[in-house]
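Every chain is numbered from 1, with letters handed out A, B, ... down the list of sequences.
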Number of protein chains: 2
Amino acid sequence: MAREDRIELKARMVTERLATLSAQPLADFAVLERLICQRAQEAPAHADLVREGESSAGIRMMLGGWACRYKMLVNGRRQLLSFVLPGELCDPYMHLLARMDHSLAALTPVTYAQLGREESERLVHDHPAVARALWIQTMFEIGVEREWTASLGQRVAFQRLAHLFCDIYLRLNMTGIAEDNWCDFPPTQGDIGDATGLSSVHVNRTLQDLRAANLITLTNKRLFIRNLEALKSAALFRPSYGVVAH
Amino acid sequence: MAREDRIELKARMVTERLATLSAQPLADFAVLERLICQRAQEAPAHADLVREGESSAGIRMMLGGWACRYKMLVNGRRQLLSFVLPGELCDPYMHLLARMDHSLAALTPVTYAQLGREESERLVHDHPAVARALWIQTMFEIGVEREWTASLGQRVAFQRLAHLFCDIYLRLNMTGIAEDNWCDFPPTQGDIGDATGLSSVHVNRTLQDLRAANLITLTNKRLFIRNLEALKSAALFRPSYGVVAH
DNA sequence: CGTTACATTGAGTTCGATCAAGCTTAGTGG
DNA sequence: CCACTAAGCTTGATCGAACTCAATGTAACG
């Protein structure tokens with residue numbers, strides 16, 4: 001398949017997601033879809049797409065690959081705030097602020113669409129339906145981050161990892177990227193540790209526990225959920241952010 | 001001072017904050033200010049203003065007193081997501097989603113302005129400047145929550161509490177409510193525990209450590225910061241969200 | 001003046017961190 | 001094609017931060 005066709009498919013994935021989430025017709029997103037195709041670009045794994053403190057550019061959407069939002073503390077420790085999956089916004093509406101309050105890094109090679117600041121402002125100004133959908137997607141992602149915060153504060157390691165796997169699988173499933181309880185899972189155990197506030201050693205041991213409990217297998221960057229209901233229940237999973245737009 | 005006058009003062013505090021944060025003239029917020037005065041109401045301490053899962057109403061602004069956003073896990077544990085201080089938005093733009101993904105509770109008796117959903121949508125539709133400012137304030141508050149997430153994942157108890165105190169004092173200071181290193185601090189040690197992901201027992205002991213280190217005193221719901229610079233440094237505090245609008 | 005909520009202290013325990021080593025895999029270049 | 005390297009994964013041993021349970025102290029309040 002030619003590069004252009006692939007990009008078009010991915011752009012369609014983004015707009016379909018926005019249409020569903022905002023309960024608006026796909027036609028409302030034609031302009032956005034074209035813009036995405038024009039502004040698609042790539043970055044290699046481990047590249048920082050933007051760093052904390054830098055001036056924030058315009059709207060950026062993930063078309064393929066995984067990225068993460070993160071913060072570095074002055075003592076050198078890193079906290080991942082969330083994973084950015086295909087079809088999601090990278091740093092929704094950050095262009096309203098002067099500077100980024102967090103960084104954004106590619107975990108795998110990524111394809112993404114990057115609009116300029118002016119362009120973004122014009123887009124949301126001229127197309128209220130698009131603006132609305134982007135905001136809804138933004139609030140959705142913030143809901144995911146909030147659930148994550150609850151994890152860090154209140155769940156033990158086993159529950160945290162279980163919750164992470166539920167969350168990721170179901171989000172990928174929403175965009176049609178994962179099914180049959182399988183999905184890609186590129187983060188290293190170190191990345192998982194930075195996301196869950198655990199050491200990579202403890203992540204390793206807890207993964208073994210999850211395997212032993214027959215909940216998942218995770219090998220070669222592929223996640224298989226052996227028992228989704230059991231995993232949800234182990235994770236204290238209650239998807240309050242699965243809810244769609246008003 | 002008459003009730004109306006007090007409300008007007010508080011409404012002015014809100015609009016001044018929005019004007020500063022969005023770098024827009026105060027005049028842009030005249031309509032909002034009037035609306036706030038009309039829609040002001042009260043709630044007692046411990047009241048839930050809205051609960052997770054409920055349909056989300058319109059824009060709500062805190063005029064006086066403290067509230068908190070929180071989530072309950074199915075195992076009964078509670079995680080506070082953030083404190084809502086006077087002048088801040090309670091659940092910014094949640095009305096875009098069908099349901100609340102978290103709850104909102106008063107920690108003290110509170111005064112707040114509650115707009116209806118229709119009213120909110122009309123307001124932001126007819127007054128783009130107001131809409132813009134509200135979004136900027138929203139992104140600001142999300143930045144605070146993100147820093148909080150980093151705290152939960154990467155800071156030890158001592159640093160977490162230190163960070164909390166820096167954060168709260170400086171946010172109150174922004175709105176002119178705190179100065180000279182003094183401020184109200186109504187949350188109980190239990191509340192602090194739910195916010196920081198620590199047990200109340202450990203909060204108690206860590207507070208003693210902070211006192212012993214001559215950083216703060218906290219008695220009778222009043223916080224005194226004895227050495228702000230030392231506290232910041234103990235907290236690994238770097239105010240990336242202190243930055244104002246573009 | 002009893003009741004209730006909150007704060008404090010002590011003792012024992014555990015979850016997860018750190019340190020340190022060995023192992024596996026994939027990639028690179030001679 | 002193999003030697004070498006670098007990342008990441010795995011395991012063991014030890015340690016410490018924070019938890020739980022339980023009791024006591026204190027202060028506000030009807």
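A salt bridge between Glu52(B) and Arg146(A) is absent, with no side-chain N of the basic residue lying under 4.0 Å from a carboxylate O of the acidic one. With respect to the salt-bridge test (charged N to carboxylate O, under 4.0 angstrom), the residues Asp191(A) and Arg78(A) qualify. Taking 4.0 Å as the cut-off between side-chain N and carboxylate O, Asp167(A) and Arg171(A) count as a salt-bridged pair.
Between dT8(C) and Gln189(B), a contact under 4.0 Å exists linking OP1 or OP2 to a side-chain N or O.
Relative to the ring axis of Phe140(B), Arg17(B) places its NZ or CZ within 45° and under 6.0 Å from the centre.
Ring to ring, Tyr93(A) and His95(A) are close: their centroids are under 6.0 angstrom apart.
Nearer to the 5' terminus of DNA chain C, by closest-nucleotide assignment, is the contact made by Pro187(B) (compared with the other of Pro187(B) and Thr206(A)). When the nearest nucleotides of DNA chain C are assigned to Asn220(A) and Leu198(A) by heavy-atom distance, the more 5′-ward of the two goes with Leu198(A).
Here CG of Leu236(A) is found 10.0 Å from CZ of Arg77(B). Values are rounded to the nearest 0.5 Å. Here the CD-CG distance, from Glu141(B) to Leu85(B), works out to 8.5 Å after rounding to the nearest 0.5 Å. Atoms CE and CG, on Met139(A) and Asp91(B) in that order, are 8.5 Å from each other to the nearest 0.5 Å. Put simply, CZ on Phe185(A) and OG1 on Thr219(A) are 12.5 Å apart, with the number rounded to the nearest 0.5 Å.
Contacts of Ser199(B) with the nucleic acid, taken as non-hydrogen atoms under 4.0 Å apart, include base atoms. Arg77(A) comes within contact range of the sugar-phosphate backbone alone, with a heavy-atom separation under 4.0 Å but no base atom that close. In this structure, Gly193(B) reaches neither bases nor backbone, as no heavy-atom distance under 4.0 Å exists between it and the strands shown. Nucleic acid contact class of Val201(B) (heavy atoms, under 4.0 Å, all strands): base.
For a distance-only test at 3.5 Å, the side chain of Arg205(B) qualifies as a donor-acceptor partner of the base of dG10(C).
Distance, His46(B) NE2 to dT4(C) C1': 12 Å, rounded to whole Å. Atom CD of Gln208(B) is separated from atom P of dA7(C) by 12 Å (rounded to the nearest Å). Rounded to whole Å, atom P of dG22(C) lies 18 Å from atom CG of Asn204(A). For the pair Lys221(A) NZ and dT25(C) P, the interatomic distance rounds to 13 Å; values are reported in whole Å. For His202(B) and dT9(C), the NE2 to P distance is 15 Å, given to the nearest whole Å. Distance CG (Leu107(B)) to P (dA5(C)): 17 Å, rounded to an integer number of Å. Across the protein-nucleic acid pair, Ile192(B) atom CD1 and dT8(C) atom P stand 10 Å apart, rounded to whole Å.
Taking the screw axis at each terminus of the helix from dC1(C)-dG30(D) to dA21(C)-dT10(D) from five consecutive base pairs, the angle between the two is 40° to within rounding of 10 degrees.
For Gln114(B), the side-chain hydrogen bond (donor to acceptor under 3.5 Å, both in side chains) test picks out Arg60(B), with sequence neighbours left out.
Think of the region where chain A sits on DNA chain D: with heavy atoms and a 4.0 Å cut, that region ends 5' and 3' at dG8(D) to dA13(D).
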